[in-house]
J.: 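Got a structure for you, written out below as structure tokens; questions coming shortly.
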Amino acid sequence: RGNCTALKDTKTGKIIIMDCGVSPPPNIKYEDVLGVFITHNHSDHIHNLKDVRGKPVYGSEGELNIPKIRSALGNYENVTFIDINQEYTLGPFTVTPYPAKHDTDAPVHYMITTNEDSVWYGCDSYDYSDDEIEAAMKCNKIMVDCNYDEEMMFSGKVYHKAYPESLKDRIVNNGHASNQYIYDRFKAVKKKLILCHMSRNYNCEEAVRKVFGKGVRLVDDDLCPGTLKDVSKRL
């Protein structure tokens, strides 16, 4: 129902937050947070920005220069409109934005590095450029949008709630990546993958394992372990 990832440097204890669609994890201290990086302005990525008011916020001008961001942050004194491929240093973290493909004005992904580790943060996107793939594969961990299973999306099998065809079209063509797409693009580094942003309606662990096999990590509280419902008649 929302995205918020906290990255902690184990040496210093300092933290940066990637997206803030839900409240940051309760076990982190506000004073340890160095800044917040936003991928895009959909509600599930910015809804709880008020929780980090006063902290530096980074994101593209096309995503952050909108009234709902202004309202959440109170003012723009602590907002930095980022430039693609420019490095931003906060304590032990170096953060580099890359252009993403999603149905907003100027979405970005991030490569985060420290002296000892590197992470790719890739929510949300329906397509990854060769430049992004090359950058991501250099990282030790690759966190990517793995939203839906193609077989579930088009067969009429669903958890909880069926989507109208217009929403399916938006997800497939302008919104999110499928299990099969992510596997095809990242199979060479499968063991580095952390799969996230999984649909609670059109994905499940069984479907992910069918495509990826073993060796990937799943991160999503909404991933439903329940029983599939066949709603093809209703559709």
J.: Do Val211 and Asp149 have side chains that approach each other closer than 4.5 Å (heavy atoms only, starting at C-beta)?
T.: yes

J.: How long is the gap from NE2 on His47 to NE2 on His42, to the nearest 0.5 Å?
T.: 15.0 Å

J.: For Lys190 and Tyr183, indicate whether the former's side chain and the latter's backbone hold a donor-acceptor pair under 3.5 Å.
T.: no

J.: Any side-chain donor-acceptor pair under 3.5 Å between Ser23 and Asn48?
T.: yes

J.: Grab the two heavy atoms, one from Met198 and one from Cys146, that are nearest each other, plus how far apart they are.
T.: CG-O, 3.3 Å

J.: A side-chain contact here means heavy atoms from C-beta on lying under 4.5 Å apart; do Asn203 and Asn147 qualify?
T.: no

J.: Side chains of Pro107 and Glu63: closer than 4.5 Å at any heavy-atom pair?
T.: yes

J.: Might you point out which heavy atoms bring Met111 and Trp120 nearest each other, and give the distance in Å?
T.: CB-CE3, 3.9 Å

J.: Looking only at heavy atoms, which two atoms of Pro97 and Asp83 are closest? And how far apart?
T.: CG-O, 3.3 Å

J.: Taking the side chain from Tyr110 and the backbone from Ile38, do they hold a donor-acceptor pair closer than 3.5 Å?
T.: yes

J.: Do the non-hydrogen side-chain atoms of Asn3 and Met18 ever get within less than 4.5 Å of each other?
T.: no

J.: Given 3.5 Å as the limit, does a donor-acceptor pair link the side chain of Asp44 with the main chain of Gly21, or not?
T.: no

J.: Whether the Tyr121 and Asp19 side chains hold a donor-acceptor pair (N or O, under 3.5 Å, no angle test) is what I'd like checked.
T.: yes

J.: For Tyr202, run the ring-ring contact (aromatic ring centres under 6.0 Å, His included) check against Phe154, Tyr163, Tyr148 and tell me which one passes.
T.: Tyr163

J.: Is Lys141 paired with Asp117 through a side-chain N to carboxylate O contact shorter than 4.0 Å?
T.: yes

J.: Any link between Val172 and Tyr126 through a network of hydrophobic side chains (Ile, Leu, Val, Met, Phe, Trp, Tyr) touching at under 4.5 Å?
T.: no

J.: Under a 3.5 Å distance rule, please check whether Thr114 uses its side chain to pair with a backbone N or O of Glu116 as donor and acceptor.
T.: yes

J.: Can a donor-acceptor pair be found, under 3.5 Å and without considering hydrogens, that links the side chain of Ser60 to the backbone of Ala106?
T.: yes

J.: Give me the atom names and distance for the closest heavy-atom approach of Ala188 to Met137.
T.: CB-CE, 4.4 Å

J.: Does Thr12 offer a backbone N or O that forms a donor-acceptor pair with the side chain of Asp9 under 3.5 Å?
T.: yes

J.: I'd like to know if Phe93 and Val119 are part of one continuous hydrophobic network [Ile/Leu/Val/Met/Phe/Trp/Tyr, side-chain heavy atoms within less than 4.5 Å].
T.: no

J.: Find out whether Pro92 and Leu34 are in side-chain contact, i.e. whether some heavy atom of one side chain is under 4.5 Å from a heavy atom of the other.
T.: yes

J.: Between Tyr98 and Tyr181, is there a shared hydrophobic cluster once you connect ILVMFWY residues whose side-chain heavy atoms come closer than 4.5 Å?
T.: yes

J.: Please answer whether the main-chain N or O of Asn41 pairs with a side-chain N or O of Lys68 as donor and acceptor at a distance below 3.5 Å.
T.: yes

J.: Would you please indicate if the ring centroids of His109 and His102 are separated by under 6.0 Å?
T.: no

J.: Any salt bridge (Lys or Arg N to Asp or Glu O under 4.0 Å) involving residues 122-140? Give me the pairs, sequence neighbours left out, ordered by first then second residue.
T.: Lys101-Asp127, Asp130-Arg185

J.: For the residue pair Glu87 / Thr94, report whether a side-chain donor-acceptor contact shorter than 3.5 Å exists.
T.: no

J.: Are Lys168 and Glu165 within salt-bridge range, i.e. N to O under 4.0 Å?
T.: yes

J.: The criterion is side chain to side chain contact (heavy atoms under 4.5 Å, CB included); which residues satisfy it with Pro24, sequence neighbours excluded?
T.: Cys4, Ile17, Cys20, Ile28, Asp51, Val52

J.: Contact between Val36 and Ile16 at the side-chain level, heavy atoms closer than 4.5 Å - yes or no?
T.: no

J.: For the CD1 atom of Ile112 and the OG atom of Ser118, what is their distance to the nearest 0.5 Å?
T.: 9.5 Å

J.: Hey, can you tell me if Phe186 and Tyr128 have their rings parallel, tilted or perpendicular (30° and 60° cut-offs)?
T.: perpendicular

J.: Evaluate the side-chain proximity of Leu90 to Phe37: yes if any heavy-atom separation is below 4.5 Å, no if none is.
T.: yes

J.: Is Phe81 reachable from Ile66 through a run of hydrophobic residues whose side-chain heavy atoms are each under 4.5 Å from the next?
T.: yes

J.: Working to the nearest 0.5 angstrom, can you tell me the gap between Ile171 CD1 and Asp103 CG?
T.: 9.5 Å

J.: Report yes or no: do Tyr88 and Ile84 belong to one cluster of Ile/Leu/Val/Met/Phe/Trp/Tyr joined by side chain heavy-atom distances under 4.5 Å?
T.: yes

J.: Hey, are the side chains of His197 and His45 touching, using non-hydrogen atoms and a 4.5 Å cut-off?
T.: yes

